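Worth saying up front: this structure is predicted, and the values here are computed from it rather than measured. Here is the naming used below: chain letters follow the sequence lines, and residue numbers restart at 1 for every chain.
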Amino acid sequence: NAGVMQNPRHLVRRRGQEARLRCSPMKGHSHVYWYRQLPEEGLKFMVYLQKENIIDESGMPKERFSAEFPKEGPSILRIQQVVRGDSAAYFCASSRDSPPYEQYFGPGTRLTVT
Amino acid sequence: KQEVTQIPAALSVPEGENLVLNCSFTDSAIYNLQWFRQDPGKGLTSLLLIQSSQREQTSGRLNASLDKSSGRSTLYIAASQPGDSATYLCAVCTDKLIFGTGTRLQVFP
């Protein structure tokens, strides 16, 4: 049973470009969470999604960031017009059901904005 | 608003020592508390999960306790080894996971 998959593992973008981060949850999991870890900081919750629904986006920046989890395919975190401050590690987690079911984390995508 | 604090921020010890890492949280209304390990540039490895109704959990040389009423958890590492060097994160689960900023542990031979 494969774990949570994230790709790419490393992503380099120039300022102003778009970044797309993908997350495939564990088999049987329909709940996905995105977290961001800025350099030298802890992980911060961004968004919680179920299939085709955003449940909680209280941690998402108001502009340039969006997330989706379509009926088919992986969850996507999209960052438009990236800036240097977006450089961070982005982690995805999945769970079988809603909190407080245990979340399992992927290896992360490290985004570098040049 | 739930806040999670971990002390110390960093710890450097010789191999073989027994260690205690501390985690405190401001709101006792949690479902569970989880301890993770993160190696540099890597993802998170779950170590122990304690349900709010439990007092402790053990796995090998690791023991985690939870005192929900006082808003505290400790992670005890027995007989530390250089391979234990990593950042240790605690997270409380409410309707989401809220993480502390971590304790960076270095165990030297």
Rounded to the nearest 0.5 angstrom, the CD-NZ distance for A:Gln103 and B:Lys96 is 10.5 Å
To the nearest 0.5 Å, atom CZ of A:Arg9 lies from atom NZ of B:Lys42 at 6.5 Å
Should we count [atom1] of [X] as having more than 12 external heavy atoms under 6.0 Å?
{"X": "A:Met60", "atom1": "CE", "value": "yes"}
{"X": "A:Arg96", "atom1": "CZ", "value": "no"}
{"X": "B:Arg72", "atom1": "CZ", "value": "no"}
{"X": "B:Gln54", "atom1": "CD", "value": "yes"}
{"X": "A:Arg15", "atom1": "CZ", "value": "no"}

*Is the centre of the B:Phe99 ring less than 6.0 Å from the centre of the A:Phe45 ring?*
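That pair fails the under 6.0 Å test.
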Can you give me the closest heavy-atom contact between A:Glu102 and B:Gln34, atom names plus distance?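 In this case the closest contact between A:Glu102 and B:Gln34 is OE2-NE2, 3.2 Å.
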Name the region of [X], side chain, backbone, both or neither, that has any atom closer than 4.5 Å to a heavy atom of chain B.
{"X": "A:Gln6", "value": "neither"}
{"X": "A:Tyr104", "value": "neither"}
{"X": "A:Ser58", "value": "side chain"}

- Is the closest side-chain heavy-atom distance between A:Glu41 and B:Thr101 below 4.5 Å?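 Sidechains of B:Thr101 and A:Glu41: no contact.
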Contact check, side chains of B:Gln38 and A:Phe91, non-hydrogen atoms, under 4.5 Å: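 Yes, side chains in contact.
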Okay, B:Asp95 and chain A: the region with an atom under 4.5 Å from a heavy atom over there is both
Verify the cluster assignment for [X] and [Y]: are they in a single hydrophobic cluster under the rule of side-chain heavy atoms below 4.5 Å apart?
{"X": "A:Phe65", "Y": "A:Val32", "result": "yes"}
{"X": "B:Phe36", "Y": "B:Leu75", "result": "no"}
{"X": "A:Phe69", "Y": "A:Met46", "result": "yes"}

Of the listed B:Leu49, B:Ile98, B:Leu97, B:Thr94, the one with the largest count of heavy-atom pairs under 4.5 Å with chain A is B:Leu97
If you tally heavy-atom pairs under 4.5 Å against chain A, which of B:Leu44, B:Thr87, B:Asn32 wins?
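Looking at each option in turn, the highest pair count goes to B:Leu44.
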